[in-house]
Number of protein chains: 2
Amino acid sequence: MKTKIRVLLVDDHQIIRDGLSNMLQEADDIEVCGGAADTARALEMVKKISPDVLITDLSMPGRSGIELIRSIHEKHPGINVLVLSMYVTEDYIFNALKAGAKGYLPKQDTTKAELLKAIRTVARGEEFFSDTIAQVISKLYSHSVKATTTPEAIARKASLTSRETEILRLYTEGLSNTEIAEQLNISIRTVETHKNNIMQKYNFKSTVDMVKFAIRNNLGEA
Amino acid sequence: MKTKIRVLLVDDHQIIRDGLSNMLQEADDIEVCGGAADTARALEMVKKISPDVLITDLSMPGRSGIELIRSIHEKHPGINVLVLSMYVTEDYIFNALKAGAKGYLPKQDTTKAELLKAIRTVARGEEFFSDTIAQVISKLYSHSVKATTTPEAIARKASLTSRETEILRLYTEGLSNTEIAEQLNISIRTVETHKNNIMQKYNFKSTVDMVKFAIRNNLGEA
DNA sequence: ATTAAAACTAAGGGATTTACTTAGAGATGT
DNA sequence: ACATCTCTAAGTAAATCCCTTAGTTTTAAT
């Protein structure tokens with residue numbers, strides 16, 4: 001193997017980037033060509049050094065990892081994205097895949113060997129998922145098959161409008177209905193309606209559930 | 001230096017343990033003598049191998065890292081605990097110190113060099129804090145100086161009672177006042193009182209703030 | 001052992017907010 | 001042009017908040 005696989009590491013924790021970097025140095029077919037702590041920096045570096053594989057976390061300051069993946073996928077389709085996240089929930093995995101990620105590994109139980117394998121696999125443009133993730137994905141699929149409505153309908157139903165997203169974000173800030181209404185210059189009742197619609201779309205049974213969901217999906221800070 | 005500093009790594013992410021382990025191998029005065037993914041395992045290993053330094057994350061499944069630190073500090077006072085956390089908020093730092101941590105490093109901007117320095121420092125029984133953390137700590141102190149009450153009073157004021165913690169956890173589950181009251185077999189008014197006390201202790205301006213705090217402090221799942 | 005201080009319990013009562021339903025106006029699309 | 005989606009909003013009943021007061025029990029201290 002002549003040319004090494006050039007990897008860019010994106011994670012907001014320096015110590016994790018350093019750790020991974022160290023780890024990957026031992027593989028002689030892989031070369032870490034850079035690291036970034038946030039989405040903006042990552043995009044800059046991608047333009048400059050154009051890596052083969054981008055390994056990224058999902059939860060980061062500023063725009064989320066999902067946005068990063070989407071940008072990369074649109075502007076640099078040749079770069080294969082491998083997600084290394086602490087979250088193994090449906091939302092995260094589903095959104096990462098939808099955004100164009102080629103692989104997904106949990107931080108929890110990914111070994112060095114598995115990481116190397118994953119890098120090599122996605123570098124070839126193939127997909128790689130750990131067992132845990134594969135299980136979640138298959139569950140996602142079986143869900144949409146079982147449902148009476150079409151997958152599109154589910155997607156539509158479960159995706160929020162821009163106004164709803166905006167309001168949801170304000171909820172995660174800890175604002176009350178009244179405060180949100182003031183900020184958006186609309187009636188409290190309208191805010192309430194939007195909230196109800198959000199709750200129904202996702203079958204939340206409480207505001208707290210809604211906020212937790214928003215935090216998991218990077219619509220708000222924990 | 002004859003005997004190496006024996007380090008036990010506690011973090012629920014295998015890939016991070018591996019990364020740190022790799023990194024520390026390069027220091028010839030430090031030896032990683034084990035790793036654990038949760039509090040229970042960590043305590044087992046501490047008994048068995050009795051390390052010099054325990055490096056731990058704070059957010060972990062099951063009992064929190066804070067509890068781990070407290071146990072170590074009580075049962076094995078000779079073992080110096082170094083916290084490596086993604087959180088740099090007052091609550092976290094304060095509670096870690098109160099539990100007996102000797103050092104605190106943020107995952108965000110800790111370099112390899114700094115980590116090594118921190119390990120060597122706490123191994124001598126001294127304290128080590130990164131600049132960021134030191135700032136937060138000094139702010140904590142200045143706060144308590146300004147306040148009319150004593151530092152102890154503040155500490156007392158800011159720490160929740162077991163009942164309050166229990167109720168806070170139920171809030172993060174998305175339960176309503178009524179549901180919490182039913183589950184604990186107490187009056188709704190009592191639940192309300194506890195909640196008010198929690199909100200006052202931390203000056204939360206909304207339930208959402210309270211729940212976010214609880215999630216940050218691992219009292220509930222995000 | 002006596003006292004003081006927290007912790008847990010609970011209620012009153014008015015102000016405010018939220019839950020749930022129903023509904024109209026404007027934009028979008030097919 | 002017809003259905004659908006989105007954003008808007010109100011009525012009413014139920015829930016929660018806010019602030020205060022207060023009894024009982026547990027815990028810590030002198």
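Convention: sequence-line order gives letters A, B, ...; per-chain numbering from 1.
Taking the salt bridge (charged side-chain N to carboxylate O under 4.0 Å, His left out) definition, one finds that Arg41(A) meets it with nothing, sequence neighbours left out. Applying the salt bridge (charged side-chain N to carboxylate O under 4.0 Å, His left out) test to Arg17(A) and every residue at least two apart in sequence or in another chain returns nothing. Under the rule for a side-chain hydrogen bond (donor to acceptor under 3.5 Å, both in side chains), Asp52(B) has no partner lying at least two apart in sequence or in another chain. Asn80(B) pairs by the side-chain contact (heavy atoms from CB on, under 4.5 Å) definition with Lys102(B), Val122(B), not counting sequence neighbours. Listed by chain and residue number, Arg124(B) satisfy the salt bridge (charged side-chain N to carboxylate O under 4.0 Å, His left out) test with Glu126(B) (two or more places apart in sequence, or in another chain). Applying the side-chain contact (heavy atoms from CB on, under 4.5 Å) test to Asp109(A) and every residue at least two apart in sequence or in another chain returns Pro106(A), Thr132(A). Take Lys195(A) and apply the salt bridge (charged side-chain N to carboxylate O under 4.0 Å, His left out) test, not counting sequence neighbours, and it matches no residue.
Using a 4.0 Å heavy-atom cutoff across all strands shown, Thr161(B) reaches sugar-phosphate atoms only and no base atom.
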Shorter than 3.5 Å, N or O on both sides, protein versus nucleotides 24-28 of chain C: list them out with atom names.
none

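Shown are Leu54(B), Leu24(B), Leu84(B); of these, the side chain to side chain contact (heavy atoms under 4.5 Å, CB included) with Leu9(B) is made only by Leu24(B).
A heavy atom lying under 4.0 Å from DNA chain D marks the following residues of residues 175-186 of chain A, by number: Ile186(A).
Close to dA9(D), at under 4.0 Å from its OP1 or OP2, lies a side-chain N or O of Thr190(A).
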